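Predicted model only: the values in this text are computed from it and were never measured. Side chains included, hydrogens not; waters and symmetry mates left out as well; all remaining heavy atoms used.
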Amino acid sequence: MSNTEEVPVDSPLKGVRVLELTQYIAGPLAGQQLADYGAEVIKIERPGSGDPFRVYDGGRNIPNYGFNFRAFNRNKKSLALDLSSPAAIDLVKRLAAEVDVVLENFRPGVMDRLGIGYEALKQVNPNIIYCAVAGFSPDGPYAKRPAFDTVGQALSGVLYLFTDPENPKMRGPTVADQVTAMQAATGIMAMLRGKAISGKGGRLDISMVDAATSFIPDVLAGYTDADKNPTPDTRVSASQAFIVRCSDDRLIAVQLGGLDQAFTTLTQQLGCPELATDARFAIAFDRRSNWSELVELLRPYFATQPVAHWTALFTETGIPHSEVLTIPEVLECPEIVHSGLFEKREHPQAGPMTLARRPTLINKSRGPAQDFPPLLGEQSEEVLRDLGLSADEITKMRENGLIATPET
(Lines give C-alpha, C1' and ligand atoms only; values in the text may rest on other atoms or scores of the structure.)
Protein backbone atom coordinates (compact mmCIF):
# COMPACT_ATOMS: atom_id res chain seq x y z
CA MET A 1 0.00 0.00 0.00
CA SER A 2 1.01 3.59 -0.54
CA ASN A 3 1.87 5.72 2.44
CA THR A 4 -1.04 7.70 3.84
CA GLU A 5 0.37 11.01 2.67
CA GLU A 6 0.47 9.74 -0.93
CA VAL A 7 -3.23 8.80 -1.03
CA PRO A 8 -5.59 11.35 -2.60
CA VAL A 9 -8.55 12.13 -0.38
CA ASP A 10 -11.04 11.30 -3.13
CA SER A 11 -9.36 7.92 -3.81
CA PRO A 12 -8.83 6.52 -0.31
CA LEU A 13 -7.93 3.00 -1.53
CA LYS A 14 -5.19 4.14 -3.90
CA GLY A 15 -2.23 1.85 -3.36
CA VAL A 16 -4.38 -1.13 -2.33
CA ARG A 17 -3.95 -4.06 -4.71
CA VAL A 18 -6.71 -6.62 -5.20
CA LEU A 19 -6.54 -9.95 -7.00
CA GLU A 20 -10.07 -10.80 -8.14
CA LEU A 21 -11.19 -14.28 -9.22
CA THR A 22 -14.90 -13.71 -9.68
CA GLN A 23 -17.72 -13.85 -12.20
CA TYR A 24 -21.33 -12.74 -12.73
CA ILE A 25 -22.45 -10.11 -10.16
CA ALA A 26 -21.73 -10.38 -6.43
CA GLY A 27 -17.96 -10.83 -6.63
CA PRO A 28 -17.37 -8.48 -9.59
CA LEU A 29 -19.49 -5.71 -8.06
CA ALA A 30 -17.55 -5.97 -4.78
CA GLY A 31 -14.33 -5.61 -6.76
CA GLN A 32 -15.73 -2.71 -8.74
CA GLN A 33 -16.60 -0.86 -5.55
CA LEU A 34 -13.03 -1.22 -4.35
CA ALA A 35 -11.76 -0.03 -7.74
CA ASP A 36 -14.10 2.95 -7.62
CA TYR A 37 -12.33 4.09 -4.46
CA GLY A 38 -8.90 3.83 -6.05
CA ALA A 39 -7.79 0.23 -5.54
CA GLU A 40 -5.90 -1.53 -8.33
CA VAL A 41 -8.08 -4.55 -9.13
CA ILE A 42 -6.61 -7.33 -11.29
CA LYS A 43 -9.37 -9.62 -12.53
CA ILE A 44 -8.30 -13.13 -13.58
CA GLU A 45 -10.46 -14.59 -16.34
CA ARG A 46 -10.52 -17.72 -18.48
CA PRO A 47 -8.87 -17.24 -21.91
CA GLY A 48 -11.32 -17.39 -24.79
CA SER A 49 -14.51 -16.68 -22.83
CA GLY A 50 -13.70 -14.89 -19.61
CA ASP A 51 -16.41 -13.93 -17.14
CA PRO A 52 -19.65 -15.55 -18.43
CA PHE A 53 -21.30 -12.13 -18.35
CA ARG A 54 -19.06 -11.06 -21.23
CA VAL A 55 -21.23 -13.06 -23.64
CA TYR A 56 -24.46 -13.17 -21.63
CA ASP A 57 -26.04 -10.41 -23.69
CA GLY A 58 -23.87 -10.26 -26.79
CA GLY A 59 -21.03 -7.86 -27.51
CA ARG A 60 -20.83 -4.15 -28.23
CA ASN A 61 -19.27 -3.93 -31.70
CA ILE A 62 -16.57 -6.26 -30.40
CA PRO A 63 -16.81 -9.78 -28.93
CA ASN A 64 -16.84 -10.57 -25.21
CA TYR A 65 -17.95 -7.10 -24.14
CA GLY A 66 -21.62 -7.43 -23.21
CA PHE A 67 -23.36 -4.75 -21.19
CA ASN A 68 -23.88 -7.00 -18.15
CA PHE A 69 -20.12 -7.44 -17.90
CA ARG A 70 -19.47 -3.75 -18.39
CA ALA A 71 -21.92 -2.86 -15.63
CA PHE A 72 -19.89 -4.63 -12.94
CA ASN A 73 -16.27 -4.36 -14.05
CA ARG A 74 -15.21 -0.76 -14.63
CA ASN A 75 -11.80 0.47 -13.45
CA LYS A 76 -10.27 -3.03 -13.47
CA LYS A 77 -7.43 -4.80 -15.24
CA SER A 78 -8.09 -8.13 -17.00
CA LEU A 79 -5.56 -10.95 -16.92
CA ALA A 80 -6.69 -13.87 -19.09
CA LEU A 81 -5.05 -16.88 -17.46
CA ASP A 82 -5.72 -20.62 -17.83
CA LEU A 83 -6.04 -21.88 -14.25
CA SER A 84 -5.97 -25.51 -15.38
CA SER A 85 -2.21 -25.12 -15.84
CA PRO A 86 0.22 -25.56 -12.90
CA ALA A 87 2.23 -22.68 -14.35
CA ALA A 88 -0.82 -20.43 -14.10
CA ILE A 89 -1.41 -21.46 -10.50
CA ASP A 90 2.18 -20.52 -9.78
CA LEU A 91 1.54 -17.09 -11.30
CA VAL A 92 -1.53 -16.63 -9.11
CA LYS A 93 0.57 -17.37 -6.05
CA ARG A 94 3.21 -14.90 -7.18
CA LEU A 95 0.55 -12.26 -7.65
CA ALA A 96 -1.02 -13.09 -4.30
CA ALA A 97 2.32 -12.51 -2.63
CA GLU A 98 2.24 -8.91 -3.83
CA VAL A 99 -1.38 -7.88 -3.27
CA ASP A 100 -3.34 -6.84 -0.22
CA VAL A 101 -6.62 -8.61 -1.00
CA VAL A 102 -7.79 -11.75 -2.78
CA LEU A 103 -11.48 -11.72 -3.71
CA GLU A 104 -13.19 -14.86 -5.07
CA ASN A 105 -16.70 -16.19 -5.57
CA PHE A 106 -16.17 -19.78 -6.69
CA ARG A 107 -18.22 -22.50 -5.07
CA PRO A 108 -16.78 -23.55 -1.68
CA GLY A 109 -13.81 -25.86 -2.14
CA VAL A 110 -12.91 -24.90 -5.73
CA MET A 111 -10.07 -22.55 -4.78
CA ASP A 112 -8.65 -25.18 -2.43
CA ARG A 113 -8.76 -27.82 -5.17
CA LEU A 114 -6.91 -25.44 -7.48
CA GLY A 115 -4.27 -24.96 -4.81
CA ILE A 116 -4.95 -21.25 -4.30
CA GLY A 117 -7.34 -21.27 -1.33
CA TYR A 118 -6.79 -19.20 1.78
CA GLU A 119 -4.42 -21.62 3.52
CA ALA A 120 -2.26 -21.95 0.40
CA LEU A 121 -2.10 -18.22 -0.27
CA LYS A 122 -1.40 -17.47 3.38
CA GLN A 123 1.82 -19.41 2.94
CA VAL A 124 3.06 -16.90 0.34
CA ASN A 125 1.47 -13.85 1.98
CA PRO A 126 0.88 -14.40 5.71
CA ASN A 127 -1.09 -11.18 6.11
CA ILE A 128 -3.29 -11.51 3.05
CA ILE A 129 -6.93 -10.43 3.31
CA TYR A 130 -8.93 -13.21 1.65
CA CYS A 131 -12.61 -12.63 0.91
CA ALA A 132 -14.74 -15.58 -0.18
CA VAL A 133 -18.21 -14.77 -1.55
CA ALA A 134 -20.61 -17.71 -1.83
CA GLY A 135 -24.29 -18.54 -1.98
CA PHE A 136 -24.26 -20.34 1.36
CA SER A 137 -21.98 -20.91 4.35
CA PRO A 138 -18.98 -22.96 3.17
CA ASP A 139 -19.44 -25.44 6.03
CA GLY A 140 -23.23 -25.30 6.22
CA PRO A 141 -25.97 -27.76 5.22
CA TYR A 142 -26.52 -26.05 1.84
CA ALA A 143 -22.83 -25.64 0.95
CA LYS A 144 -23.03 -27.89 -2.12
CA ARG A 145 -26.12 -26.22 -3.59
CA PRO A 146 -25.72 -23.90 -6.57
CA ALA A 147 -27.01 -20.38 -5.99
CA PHE A 148 -28.03 -17.37 -8.02
CA ASP A 149 -29.74 -14.16 -6.96
CA THR A 150 -33.24 -15.66 -7.00
CA VAL A 151 -32.16 -18.37 -4.56
CA GLY A 152 -30.69 -15.79 -2.19
CA GLN A 153 -33.82 -13.67 -2.33
CA ALA A 154 -36.07 -16.67 -1.75
CA LEU A 155 -34.18 -18.23 1.14
CA SER A 156 -33.72 -14.92 2.97
CA GLY A 157 -37.37 -13.90 2.96
CA VAL A 158 -36.72 -10.91 0.70
CA LEU A 159 -38.56 -12.49 -2.22
CA TYR A 160 -41.58 -13.23 -0.03
CA LEU A 161 -41.80 -9.54 0.85
CA PHE A 162 -41.74 -8.55 -2.83
CA THR A 163 -44.21 -11.17 -4.04
CA ASP A 164 -47.93 -10.80 -4.66
CA PRO A 165 -49.29 -14.12 -3.38
CA GLU A 166 -52.22 -13.90 -5.80
CA ASN A 167 -49.93 -13.50 -8.81
CA PRO A 168 -46.45 -14.77 -7.89
CA LYS A 169 -43.71 -13.91 -10.38
CA MET A 170 -40.08 -12.82 -10.34
CA ARG A 171 -39.54 -9.13 -10.95
CA GLY A 172 -36.98 -6.43 -10.39
CA PRO A 173 -33.20 -6.23 -10.05
CA THR A 174 -30.68 -8.62 -8.51
CA VAL A 175 -31.18 -7.49 -4.92
CA ALA A 176 -29.46 -10.42 -3.19
CA ASP A 177 -26.38 -10.33 -5.44
CA GLN A 178 -25.89 -6.62 -5.05
CA VAL A 179 -26.43 -6.54 -1.29
CA THR A 180 -23.86 -9.34 -1.02
CA ALA A 181 -21.38 -7.27 -3.02
CA MET A 182 -21.88 -4.28 -0.75
CA GLN A 183 -21.34 -6.37 2.37
CA ALA A 184 -18.21 -7.95 0.89
CA ALA A 185 -16.73 -4.57 -0.07
CA THR A 186 -17.56 -3.15 3.36
CA GLY A 187 -15.97 -6.13 5.08
CA ILE A 188 -12.82 -5.84 2.97
CA MET A 189 -12.49 -2.13 3.72
CA ALA A 190 -12.95 -2.83 7.43
CA MET A 191 -10.24 -5.48 7.31
CA LEU A 192 -7.93 -3.12 5.43
CA ARG A 193 -8.39 -0.65 8.28
CA GLY A 194 -7.66 -3.37 10.81
CA LYS A 195 -4.57 -4.46 8.89
CA ALA A 196 -3.30 -0.88 8.79
CA ILE A 197 -3.33 -0.92 12.60
CA SER A 198 -2.31 -4.49 13.44
CA GLY A 199 -0.46 -5.53 10.30
CA LYS A 200 -2.53 -8.70 10.17
CA GLY A 201 -4.95 -9.91 7.52
CA GLY A 202 -7.38 -12.79 7.70
CA ARG A 203 -10.23 -14.60 5.99
CA LEU A 204 -13.59 -12.96 5.32
CA ASP A 205 -16.61 -15.09 4.36
CA ILE A 206 -19.89 -13.64 3.17
CA SER A 207 -22.81 -15.70 1.94
CA MET A 208 -25.59 -14.37 -0.24
CA VAL A 209 -28.20 -15.72 2.15
CA ASP A 210 -26.64 -13.94 5.15
CA ALA A 211 -26.28 -10.69 3.23
CA ALA A 212 -29.82 -10.76 1.87
CA THR A 213 -31.28 -11.67 5.27
CA SER A 214 -29.41 -8.76 6.85
CA PHE A 215 -31.15 -6.53 4.29
CA ILE A 216 -34.43 -6.75 6.26
CA PRO A 217 -33.42 -6.11 9.91
CA ASP A 218 -36.61 -4.23 10.78
CA VAL A 219 -38.79 -7.06 9.46
CA LEU A 220 -36.87 -9.64 11.48
CA ALA A 221 -36.91 -7.50 14.62
CA GLY A 222 -40.65 -7.05 14.27
CA TYR A 223 -41.12 -10.80 14.22
CA THR A 224 -38.58 -11.80 16.88
CA ASP A 225 -39.12 -8.92 19.32
CA ALA A 226 -42.72 -7.83 18.77
CA ASP A 227 -44.48 -11.00 17.59
CA LYS A 228 -45.40 -9.36 14.29
CA ASN A 229 -45.58 -11.83 11.43
CA PRO A 230 -44.96 -9.65 8.36
CA THR A 231 -46.67 -9.87 4.99
CA PRO A 232 -45.69 -8.17 1.72
CA ASP A 233 -48.00 -5.30 2.73
CA THR A 234 -46.67 -4.77 6.28
CA ARG A 235 -43.96 -2.24 5.47
CA VAL A 236 -46.13 -0.55 2.87
CA SER A 237 -48.99 0.06 5.27
CA ALA A 238 -46.64 1.12 8.09
CA SER A 239 -44.94 3.64 5.80
CA GLN A 240 -48.29 4.50 4.24
CA ALA A 241 -46.89 4.21 0.74
CA PHE A 242 -48.78 3.63 -2.48
CA ILE A 243 -48.61 3.83 -6.26
CA VAL A 244 -51.60 5.03 -8.28
CA ARG A 245 -52.40 5.94 -11.88
CA CYS A 246 -53.13 9.51 -12.98
CA SER A 247 -55.41 10.75 -15.76
CA ASP A 248 -52.59 10.71 -18.33
CA ASP A 249 -51.86 7.05 -17.52
CA ARG A 250 -48.65 7.95 -15.67
CA LEU A 251 -47.91 6.50 -12.24
CA ILE A 252 -47.15 8.46 -9.09
CA ALA A 253 -45.66 7.10 -5.86
CA VAL A 254 -46.49 8.69 -2.50
CA GLN A 255 -45.26 7.93 1.02
CA LEU A 256 -46.93 9.66 3.95
CA GLY A 257 -44.73 8.15 6.62
CA GLY A 258 -47.66 7.51 8.94
CA LEU A 259 -48.03 11.22 9.73
CA ASP A 260 -51.59 12.35 10.40
CA GLN A 261 -50.91 15.87 9.14
CA ALA A 262 -49.51 14.54 5.86
CA PHE A 263 -52.63 12.44 5.37
CA THR A 264 -54.90 15.37 6.17
CA THR A 265 -53.05 17.58 3.68
CA LEU A 266 -53.26 14.88 1.03
CA THR A 267 -57.02 14.50 1.39
CA GLN A 268 -57.47 18.26 1.18
CA GLN A 269 -55.40 18.47 -1.99
CA LEU A 270 -57.26 15.55 -3.57
CA GLY A 271 -60.65 16.99 -2.71
CA CYS A 272 -61.73 14.29 -0.25
CA PRO A 273 -61.20 15.89 3.20
CA GLU A 274 -63.92 13.68 4.70
CA LEU A 275 -61.51 10.72 4.61
CA ALA A 276 -59.32 12.44 7.20
CA THR A 277 -62.11 12.23 9.76
CA ASP A 278 -63.39 8.81 8.73
CA ALA A 279 -63.08 6.47 11.72
CA ARG A 280 -61.31 3.91 9.54
CA PHE A 281 -58.51 6.31 8.59
CA ALA A 282 -58.36 9.18 11.10
CA ILE A 283 -55.25 7.95 12.94
CA ALA A 284 -52.18 6.14 11.67
CA PHE A 285 -52.92 2.85 13.42
CA ASP A 286 -56.35 2.62 11.83
CA ARG A 287 -55.01 3.56 8.42
CA ARG A 288 -52.52 0.70 8.67
CA SER A 289 -55.30 -1.75 9.49
CA ASN A 290 -57.40 -0.53 6.54
CA TRP A 291 -54.63 0.45 4.14
CA SER A 292 -55.71 -1.51 1.06
CA GLU A 293 -59.23 -0.16 1.37
CA LEU A 294 -57.97 3.40 1.72
CA VAL A 295 -55.75 3.17 -1.37
CA GLU A 296 -58.67 1.94 -3.44
CA LEU A 297 -60.70 4.95 -2.29
CA LEU A 298 -57.88 7.33 -3.26
CA ARG A 299 -57.38 5.99 -6.80
CA PRO A 300 -60.36 7.75 -8.46
CA TYR A 301 -59.24 11.14 -7.16
CA PHE A 302 -55.75 10.77 -8.64
CA ALA A 303 -57.33 9.70 -11.93
CA THR A 304 -58.92 13.13 -12.38
CA GLN A 305 -55.63 14.97 -13.13
CA PRO A 306 -52.34 14.28 -14.96
CA VAL A 307 -49.23 13.43 -13.00
CA ALA A 308 -47.70 16.88 -13.55
CA HIS A 309 -50.62 18.43 -11.68
CA TRP A 310 -50.08 16.25 -8.63
CA THR A 311 -46.28 16.55 -8.58
CA ALA A 312 -46.50 20.36 -8.71
CA LEU A 313 -49.16 20.44 -6.00
CA PHE A 314 -47.39 17.99 -3.69
CA THR A 315 -44.07 19.75 -4.10
CA GLU A 316 -45.72 22.95 -2.94
CA THR A 317 -47.44 21.32 0.04
CA GLY A 318 -44.54 19.09 1.11
CA ILE A 319 -46.02 15.66 0.47
CA PRO A 320 -43.24 13.10 -0.29
CA HIS A 321 -43.87 11.85 -3.82
CA SER A 322 -42.37 11.10 -7.20
CA GLU A 323 -43.53 10.29 -10.67
CA VAL A 324 -42.58 6.66 -11.37
CA LEU A 325 -39.87 7.02 -14.00
CA THR A 326 -38.95 4.55 -16.71
CA ILE A 327 -35.28 3.73 -17.17
CA PRO A 328 -34.86 6.13 -20.15
CA GLU A 329 -36.51 8.85 -18.06
CA VAL A 330 -34.12 8.21 -15.16
CA LEU A 331 -31.17 9.12 -17.38
CA GLU A 332 -32.88 12.39 -18.28
CA CYS A 333 -34.12 13.22 -14.77
CA PRO A 334 -32.90 16.71 -13.76
CA GLU A 335 -31.72 15.40 -10.39
CA ILE A 336 -29.63 12.62 -11.98
CA VAL A 337 -28.27 14.92 -14.67
CA HIS A 338 -27.30 17.49 -12.03
CA SER A 339 -25.55 14.89 -9.88
CA GLY A 340 -23.21 13.79 -12.68
CA LEU A 341 -23.73 10.12 -11.90
CA PHE A 342 -23.30 9.18 -15.57
CA GLU A 343 -20.80 10.24 -18.19
CA LYS A 344 -20.69 9.69 -21.94
CA ARG A 345 -17.41 8.37 -23.31
CA GLU A 346 -16.12 7.08 -26.65
CA HIS A 347 -14.54 3.65 -26.41
CA PRO A 348 -11.90 3.13 -29.12
CA GLN A 349 -13.40 -0.20 -30.21
CA ALA A 350 -16.91 -0.34 -28.74
CA GLY A 351 -17.96 3.18 -29.70
CA PRO A 352 -20.08 5.60 -27.61
CA MET A 353 -20.84 4.39 -24.10
CA THR A 354 -22.63 5.79 -21.06
CA LEU A 355 -20.73 4.88 -17.91
CA ALA A 356 -22.06 5.01 -14.36
CA ARG A 357 -19.70 6.66 -11.92
CA ARG A 358 -19.08 6.08 -8.23
CA PRO A 359 -22.27 7.07 -6.39
CA THR A 360 -20.43 8.48 -3.39
CA LEU A 361 -19.03 12.01 -3.46
CA ILE A 362 -15.90 12.67 -1.43
CA ASN A 363 -15.32 16.40 -1.11
CA LYS A 364 -17.72 16.75 -4.05
CA SER A 365 -15.56 14.43 -6.17
CA ARG A 366 -16.54 11.11 -7.74
CA GLY A 367 -12.87 10.23 -8.03
CA PRO A 368 -10.39 10.54 -10.90
CA ALA A 369 -11.25 9.80 -14.51
CA GLN A 370 -12.39 6.20 -14.63
CA ASP A 371 -11.17 3.43 -16.88
CA PHE A 372 -13.41 1.53 -19.25
CA PRO A 373 -14.30 -2.04 -18.28
CA PRO A 374 -11.40 -4.08 -19.67
CA LEU A 375 -11.42 -6.16 -22.82
CA LEU A 376 -10.71 -9.82 -22.14
CA GLY A 377 -7.03 -10.07 -21.28
CA GLU A 378 -6.45 -6.39 -22.06
CA GLN A 379 -3.85 -5.96 -19.31
CA SER A 380 -2.37 -9.49 -19.37
CA GLU A 381 1.03 -8.34 -20.60
CA GLU A 382 1.09 -5.31 -18.31
CA VAL A 383 0.33 -7.36 -15.21
CA LEU A 384 2.90 -10.02 -16.06
CA ARG A 385 5.58 -7.46 -16.88
CA ASP A 386 4.96 -5.83 -13.51
CA LEU A 387 5.34 -9.28 -11.96
CA GLY A 388 8.82 -9.50 -13.47
CA LEU A 389 8.26 -11.73 -16.49
CA SER A 390 10.31 -11.03 -19.60
CA ALA A 391 8.87 -10.33 -23.03
CA ASP A 392 10.05 -13.75 -24.22
CA GLU A 393 8.37 -15.51 -21.31
CA ILE A 394 5.11 -13.68 -21.96
CA THR A 395 5.24 -14.49 -25.68
CA LYS A 396 5.83 -18.17 -24.97
CA MET A 397 2.93 -18.25 -22.52
CA ARG A 398 0.65 -16.68 -25.10
CA GLU A 399 1.75 -19.15 -27.77
CA ASN A 400 1.04 -22.03 -25.39
CA GLY A 401 -2.45 -20.73 -24.63
CA LEU A 402 -1.61 -20.08 -21.00
CA ILE A 403 -2.55 -16.42 -21.29
CA ALA A 404 -4.55 -14.40 -23.80
CA THR A 405 -4.67 -10.80 -24.95
CA PRO A 406 -7.38 -9.07 -27.04
CA GLU A 407 -5.41 -9.98 -30.18
CA THR A 408 -5.30 -13.73 -29.43
- Given salt bridge (charged side-chain N to carboxylate O under 4.0 Å, His left out), test Arg345 with Glu343 step by step and report yes or no. CA-CA 6 Å; Arg345 299 271 299 281; Glu343 63 176 349; 3.4 Å; yes

Asn75 side chain to Asp371 backbone, donor-acceptor under 3.5 Å: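 Yes; at least one donor-acceptor contact below 3.5 Å.
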
What pair of heavy atoms forms the shortest contact from [X] to [Y], and how long is it?
X      : Y      : value
Asp149 : Ala176 : OD1-N, 2.7 Å
Pro374 : Tyr65  : O-CE1, 3.6 Å
Met111 : Leu21  : CE-CD1, 4.2 Å
Gly50  : Leu376 : CA-CD1, 3.7 Å
Leu402 : Pro47  : O-CG, 4.1 Å
Gly31  : Val41  : O-CG2, 3.6 Å

State, without any angle test, whether [X] and [Y] hold a side-chain donor-acceptor pair at a distance under 3.5 Å.
X      : Y      : value
Tyr37  : Thr360 : yes
Ser365 : Asp10  : yes
Glu323 : Thr311 : no
Thr265 : Gln261 : yes
Ser84  : Asp82  : yes

In Å and rounded to the nearest 0.5 Å, what is the [atom1] to [atom2] distance from [X] to [Y]?
X      : Y      : atom1 : atom2 : result
Met182 : Ser214 : CE    : OG    : 11.5 Å
Ile25  : Asn73  : CD1   : CG    : 10.5 Å
Thr22  : Leu29  : OG1   : CG    : 9.5 Å
Gln153 : Met170 : CD    : CE    : 4.5 Å
Ile197 : Lys195 : CD1   : NZ    : 13.5 Å

Note to self: Once ring-ring contact (aromatic ring centres under 6.0 Å, His included) is applied, do any residues pair with Tyr223, and if so which ones, sequence neighbours excluded?
What the structure shows: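 Expected list: none.
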
Q. Can you name the residues that form a ring-ring contact (aromatic ring centres under 6.0 Å, His included) with Tyr56, not counting sequence neighbours?
A.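 Here the qualifying residues are Phe53.
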
### Any Val383 side-chain heavy atom under 4.5 Å of Leu387 side chain
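A side-chain contact under 4.5 Å is absent here.
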
*Residues that Thr231 engages under side chain to side chain donor-acceptor pair (under 3.5 Å), provided they are two or more places apart*: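 Scan of Thr231 (side chain to side chain donor-acceptor pair (under 3.5 Å), adjacent residues dropped) gives Thr234.
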
May I ask you to decide whether Arg250 forms a salt bridge with Glu329, counting only side-chain N to carboxylate O separations under 4.0 Å?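 Answer for the salt bridge query: yes.
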
| said: Taking the basic N atoms (NZ, or NE/NH1/NH2) and the acidic carboxylate oxygens, is any pair closer than 4.0 Å for Arg74 and Asp36? | reply: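 Judged by the 4.0 Å cut-off on N to carboxylate O distance, Arg74 and Asp36 do form a salt bridge.
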
Within 6.0 Å of CZ in Phe215, more than 12 heavy atoms from elsewhere:
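No, because the 6.0 Å sphere around CZ of Phe215 holds 12 heavy atoms or fewer from other groups.
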
Q: Sort out for me which residue in Glu382, Lys43, Glu378 forms a side-chain contact (heavy atoms from CB on, under 4.5 Å) with Lys77.
A: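 With Lys77 as partner, side-chain contact (heavy atoms from CB on, under 4.5 Å) holds for just one option, Glu382.
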
*Do the rings of His347 and Phe372 sit parallel, tilted or perpendicular, given the 30° and 60° boundaries?*
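Plane angle over 60°, so perpendicular.
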
**Item:** Parallel, tilted or perpendicular: rings of Tyr142 and Phe136 (30°, 60°)
**Value:**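 It falls in the perpendicular class, over 60°.
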
